[in-house]
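Encoded as C-alpha cells, the structure appears first; notes follow it.
Side-chain atoms are counted along with the backbone in the values below, which use heavy atoms only and exclude waters and symmetry mates. We count ligands from 1, going down the list as the structure has it; atoms in each ligand are counted the same way. When a residue number appears, it is its place in the shown sequence, counting from 1.
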Amino acid sequence: MKNGMIKRVGVIGGGQLAWMMADAAAKLGVELVVQTPAATDPAVAIAAGKILAPVDDTAATAQLATQCDVITFENEFVDLKALSSLESQGICFRPSTHALFPLLDKYHQRCYLKDLGLPTPKFSSFPTPHTPHPTPHTPLVLKTRRHGYDGQGTFILKNQAELQATVERLQTVPLLLEEFVPFERELAAIAARSVTGEIAIYPIVETQQEKQVCRRVFAPATVSQEVVEQAEAIVRTLLDRLQVVGVFGIELFLTPEGKVLVNEIAPRVHNSGHFTLDACETSQFEQHLRAVCGLPLGSPAMHTSAAVMVNLLGYEHSTSDYQTKRQQLAAIPQAQVHWYGKTESRPGRKLGHVTVLLDEPGKKQHDSAIAIAQTVEAIWYG
Ligand code: ADP
C-alpha cells in the first residue's frame, strides 16, 4: 500500500451500502475496489476494480490490499483475527481491527458496553444459570451471537417452551439471551469519527421495524432535547473509546421512562442513515469516505426540515425490475427513489428505498411523514 494521498479505497462487501458510496467516491476523486462474492452484487457495477470472493476470504483481502491504499467495510462478517494479522503486516484498515474486536459478537458487544457503563438491555450468554427476564411472563429475546442481520438470528419468545424449541433448532450456534425491552420507540444515531478524532453526529432518527426488519425512518426523531443528549453522549463515548475511523450506526431503544438504551452497534454505514443521501449536507457515504481517506468531516446538518425514508422490501420471488411501481413512487412530490439493481427479488430482501423531503413545521410534519410512508407502502406492496 502507498503512503500519502488516498486514491483507491478497498471495500469488503459489495452490496447496496458499497453501491451507495459511488457518487461520493466520484465527488472526492477516489476509486472503489470491492471484495464481494458475486459479479451480480450491486457495487460491482460502480467499482473500478473487483475481487470476486466471500467477505471472510482473507487471502482475497490480501490481494485487495495490493490494489488500494486503505481498506474499509460495508459488511462485518469477516474473519477478524486473520485481518488483524494482515494489519500487523502494515495493511491499513479503517476502522481498524482493534475497533471492531469488541463488536462483531453480540455478547462481546453487550459486555463491552457494560464495561463502558453504557445502558443496555439486561443480558447473559446462553446457556446460563441466570435468565435475564424480570418475571417468567415477560418475553425473552434470543439472538445468535454472530452473523445476524435484518432480524435473521433474533427471536422474540413468549415463554420457556418457545425458548427450548428455538434453542434445540439452533443446536450448537453460540447464543445471547436478553430481556425484552417494551420500548416506546426505536431510535438510531449515525455518526462519524475522523482520523484526527473529530466527531460528527447526524440528527437522531426514529426507526420502525416490522418482524425485526427496518421498514421506515423518520428524520429527525420527534423527541425531547434531553433524549437527544442521552443518545449523543452514548455515541461520543463509544466512538472515542473505540478510536473509530469512519461511520457507525447505533441502534437505540427509548424506554417508556425516557431512558435511552443501546441495542446494537453496526460498525459501518447503516440503513437508518440512508435519508442523509437526499436530506443532509453530507451523506453518510461521503462522510464515511472522507473519514477513511483522512479528510476533514462534512456537515451532518439536514438541508430540509424533515425527511422520511421507506425501505422497498421484496414481497415475492421474482426477477421483475418493478418499472411501473418505481415510476409511481418517483411521481410523489419531493421523492427520490434509490433502486439497488438486484437481479432477483425474494421476500424481505432490500431492493431499494424511497426518501421524501418535507418542509412543514411542528406536529403537522410528523403526521405528513406518516401519511407519505403509507402512500409509498400502498404503491409498493399494493
Ligand atoms: P439485527 O442484528 O438483525 O438487526 P437486532 O438485535 O437489531 O437484530 O434486532 C432487530 C429488531 O428486533 C430490533 O430493531 C427490535 O425491533 C427487536 N429487538 C431486538 N432486541 C430486542 C429486545 N431486547 N427487546 C425488544 N425488541 C428487541
Side-chain angles (χ1 to χ4, degrees), residues 13 15-17 55 73-78 100 102-114 118-126 128 130-135 137-159 162-163 166 170 173-190 204-218 221 231 234 238 248-257 259-274 309-311 313 347-350 353:
Q16 65 264 21
L17 298 177
V55 294
F73 305 86
E74 73 114 57
N75 179 307
E76 62 274 28
F77 301 151
V78 294
L100 300 182
L103 304 181
L104 300 198
D105 173 308
K106 288 188 184 195
Y107 175 67
H108 293 161
Q109 191 183 108
R110 286 261 182 275
C111 294
Y112 182 75
L113 290 163
K114 194 174 164 192
L118 296 177
T120 70
K122 293 192 190 74
F123 69 97
S124 87
S125 60
F126 187 86
T128 166
H130 316 286
T131 43
H133 56 157
T135 78
H137 307 295
T138 46
L140 279 165
V141 183
L142 187 72
K143 297 180 178 179
T144 55
R145 287 170 54 166
R146 283 216 64 193
H147 299 116
Y149 71 99
D150 289 350
Q152 308 278 331
T154 294
F155 307 91
I156 297 176
L157 306 164
K158 286 198 241 22
N159 50 45
E162 278 191 17
L163 174 65
T166 309
L170 293 170
V173 181
L175 298 167
L176 162 72
L177 191 62
E178 61 186 34
E179 68 171 330
F180 178 83
V181 179
F183 53 78
E184 192 213 84
R185 270 188 268 180
E186 288 188 83
L187 306 176
I190 299 292
I204 304 299
V205 296
E206 174 178 351
T207 67
Q208 292 182 352
Q209 275 61 230
E210 280 176 24
K211 295 189 187 141
Q212 287 95 56
V213 183
C214 177
R215 292 288 294 262
R216 319 166 195 102
V217 172
F218 297 92
I234 290 171
L238 261 172
F248 270 30
I250 297 153
E251 300 171 18
L252 305 161
F253 294 133
L254 177 61
T255 71
E257 297 76 37
K259 192 165 176 329
V260 176
L261 308 180
V262 181
N263 172 31
E264 191 176 29
I265 305 160
R268 50 171 167 76
V269 288
H270 192 253
N271 193 177
S272 57
H274 290 357
M309 189 286 313
V310 181
N311 275 333
L313 302 179
R349 192 171 195 207
K350 288 174 179 163
H353 73 265

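- Counting heavy atoms closer than 4.0 Å to ligand 1, residue Thr154 contributes side-chain atoms (C-beta onward) but none from N, CA, C or O.
- Taking every non-hydrogen atom of Gln209 and a distance limit under 4.0 Å, the qualifying atoms of ligand 1 come out as 14 (O), 16 (O).
- For ligand 1, the polar-atom distance check against Glu186 finds a nitrogen or oxygen pair separated by under 3.5 Å.
- With contacts defined as side-chain heavy-atom distances shorter than 4.5 Å, the pair Leu170/Leu142 qualifies.
- Closest protein heavy atom to atom 11 (C) of ligand 1: Gln212 CG, 3.6 Å.
- With hydrogens and angles ignored, the 3.5 Å screen pairs no side-chain donor or acceptor of Glu76 with any backbone N or O of Arg268.
- Gln109 contributes a side-chain N or O that, together with a main-chain N or O of Leu103, makes up a donor-acceptor pair within less than 3.5 Å.
- What sits closest to atom 3 (O) of ligand 1 on the protein, heavy atoms only, is Gly151 N, 2.6 Å.
- The ligand atoms of ligand 1 that sit less than 4.0 angstrom from a heavy atom of Glu251 are 7 (O).
- The shortest contact between atom 2 (O) of ligand 1 and any protein heavy atom is with Lys106 NZ, 2.8 Å.
- When each of Glu206, Gln209, Glu210 is paired with Arg216, the side-chain hydrogen bond (donor to acceptor under 3.5 Å, both in side chains) condition holds for Glu210 and for no other.
- At a heavy-atom distance under 4.0 Å, only side-chain atoms of Asn263, from C-beta outward, approach ligand 1.
- No option in Phe123, Tyr107, Phe126 other than Phe126 meets the side chain to side chain contact (heavy atoms under 4.5 Å, CB included) test with Leu177.
- Glu264 OE1, 3.4 Å is the protein heavy atom nearest to atom 4 (O) of ligand 1.
- By the 3.5 Å distance cut-off applied to N or O atoms, Pro121 is not counted among the residues near ligand 1.
- Looking only at protein heavy atoms, the nearest one to atom 24 (N) of ligand 1 is Val181 N, 2.8 Å.
- Using a 4.5 Å heavy-atom cutoff, the side chains of Arg110 and Pro121 are in contact.
- No side-chain heavy atom of Leu261 sits less than 4.5 Å from a side-chain heavy atom of Glu251.
- For atom 22 (C) of ligand 1, the closest heavy atom belonging to the protein is Val141 CG2, 3.6 Å.
- Every atom of ligand 1 with a heavy atom of Lys143 under 4.0 Å away is listed here by number and element: 6 (O), 19 (C), 20 (N).
- Using a 4.5 Å cut-off on side-chain heavy atoms (C-beta onward), Leu104 and Val78 make contact.
- Closest protein heavy atom to atom 26 (N) of ligand 1: Phe183 CE2, 3.6 Å.
- The proximity of Glu178 to ligand 1, defined as any non-hydrogen pair under 4.0 Å, is limited to the side chain.
- Atom 18 (N) of ligand 1 has Phe253 CZ, 4.0 Å as its closest protein atom, hydrogens excluded (heavy atom only).
- Here the side chains of Leu140 and Glu179 are not in contact, with every heavy-atom distance at 4.5 Å or above.
- Here the side chain of Asn311 pairs a donor or acceptor atom with the backbone of Cys214 at under 3.5 angstrom.
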